[in-house]
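Reading through the structure tokens given below for one structure.
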Amino acid sequence: MGHYQATATNSRNVTLTTDGSKAGELIYEKWYSFKAHILMHDGTTYYLEPKGFWDSTIQLKHSNQVLAEFSMGWKGIIINTFFNNREDRFLLQLKGLLSSKFMLVNTDNVTVLAAETDFKWSKLTFDYSIETSPEFDGFDDKELLVLTVLHCINYYITMAAS
């Protein structure tokens, strides 16, 4: 099982760490924007861009190649990934109505990631504690997927608040 910690340094930046080392960073262009980029520890940059009439779909891109896309559905956020010529589908859902825990489940309805949000009143930001399953830990781009899931959680919270 993997353990990650995501800490908001301000209202626009979230740093992801694992085992005390920085794995990557989620950086928003503006406060409450759906447009963002992910900067991995090796310097690689990925872009999250809204698409559609109401910005209802968000795509993760690298060099104009779509690596993932997600949109809000009735049961949560549907995430389709296309990493390394392999397509996977996940559902991100809030565990309960008043819960602060999000679960990422695969098509077999197996939980592969659990993220607990922690609202920091002093900074008006969220920090996250993330646990992953051994199945999730087998993904090649697991840190990139964790950062994408963090963006999905922020998207969910923003959509639910509006």
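Numbers here simply count residues along the sequence, with the first being 1.
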Answer yes if the side chains of D19 and S21 hold a donor-acceptor pair under 3.5 Å, and no otherwise. no

Could you verify whether a donor N or O on one side chain and an acceptor N or O on the other, from S100 and E116, lie under 3.5 Å apart? yes

Option among L26, I38, D141 that satisfies the side chain to side chain contact (heavy atoms under 4.5 Å, CB included) test with T148: I38

Which heavy atom of T18 sits nearest a heavy atom of H3, and at what distance? OG1-O, 3.1 Å

CD-CG distance between E87 and N85, expressed to the nearest 0.5 angstrom: 11.0 Å

For T111, the side chain to side chain donor-acceptor pair (under 3.5 Å) test, sequence neighbours excluded, returns none

Would E49 and K35 pass as an ion pair if we require N to O under 4.0 Å? no

From the options T7, N154, D118, select the one residue that forms a side chain to side chain donor-acceptor pair (under 3.5 Å) with Y128. N154

So, D108 side chain and V110 main chain: donor-acceptor pair closer than 3.5 Å or not? no

Transitive ILVMFWY side-chain link M72 to L60, under 4.5 Å: yes

Determine, stepwise, if the pair K61 / L67 fulfils side-chain contact (heavy atoms from CB on, under 4.5 Å). CA-CA 6 Å; K61 292 183 174 184; L67 300 175; over 6 Å; no

What about L39 and V14, same hydrophobic cluster or not, with Ile/Leu/Val/Met/Phe/Trp/Tyr joined at side-chain heavy-atom distances under 4.5 Å? no

Would you please test E135 and N106 for side-chain contact (heavy atoms from CB on, under 4.5 Å) and show each step? CA-CA 10 Å; E135 180 181 336; N106 63 16; 2.9 Å; yes

Where is the tightest heavy-atom contact between F136 and V112, given as atom of each residue plus distance? CB-O, 3.3 Å

Close side-chain approach of V105 to Q93, heavy-atom, < 4.5 Å: yes

With a 4.5 Å cut-off on side-chain heavy atoms, are K22 and T15 touching? yes

How about F70 and F90: are their ring centres within less than 6.0 Å of each other? no

Same cluster (ILVMFWY, side-chain, under 4.5 Å), L150 and I157: yes

Can you tell whether the side chains of D88 and R86 come within less than 4.0 Å, N to carboxylate O? yes

Could you pull out the closest heavy-atom pair between C152 and I79, with the gap in Å? SG-CD1, 3.7 Å

Count I, L, V, M, F, W, Y as connected when their side-chain heavy atoms are under 4.5 Å apart, and connections chain through other members. Are L91 and F102 then in the same cluster? no

Does G20 offer a backbone N or O that forms a donor-acceptor pair with the side chain of T17 under 3.5 Å? no

Classify the angle between the aromatic ring planes of H62 and Y46 as parallel (below 30°), tilted (30 to 60°) or perpendicular (above 60°). tilted

Please check if V146 and Y156 belong to a single hydrophobic cluster, counting links between Ile, Leu, Val, Met, Phe, Trp and Tyr side chain heavy atoms closer than 4.5 Å. yes

Determine, using ring centers only, whether F139 and F83 are less than 6.0 Å apart. no

Could you give the distance from OG1 (T57) to CD (E69), rounded to the nearest 0.5 Å? 6.5 Å

Ignoring hydrogens, what is the shortest heavy-atom contact between Y4 and E143? Give both atom names and the distance. OH-OE2, 3.6 Å

Could you tell me whether the side chain of T132 and the main chain of G2 form a donor-acceptor pair under 3.5 Å? yes

Ignoring hydrogens and angles, state whether a donor on the side chain of D127 or Q5 is under 3.5 Å from an acceptor on the partner side chain. no

Shortest non-hydrogen contact from M40 toward A23: CE-O, 3.6 Å

Between F82 and V66, is a side-chain contact (heavy atoms from CB on, under 4.5 Å) present by the stated rule, with each step listed? CA-CA 7 Å; F82 313 105; V66 176; 4.3 Å; yes

Determine, using ring centers only, whether H37 and Y28 are less than 6.0 Å apart. no

At what distance, to the nearest 0.5 angstrom, does CD1 of I153 lie from NZ of K101? 11.5 Å

Stepwise side-chain contact (heavy atoms from CB on, under 4.5 Å) check, I78 with R89: CA-CA 7 Å; I78 301 162; R89 188 177 177 109; 3.4 Å; yes

Are V149 and I130 packed together at the side-chain level, in the sense that at least one heavy-atom pair is separated by less than 4.5 angstrom? no

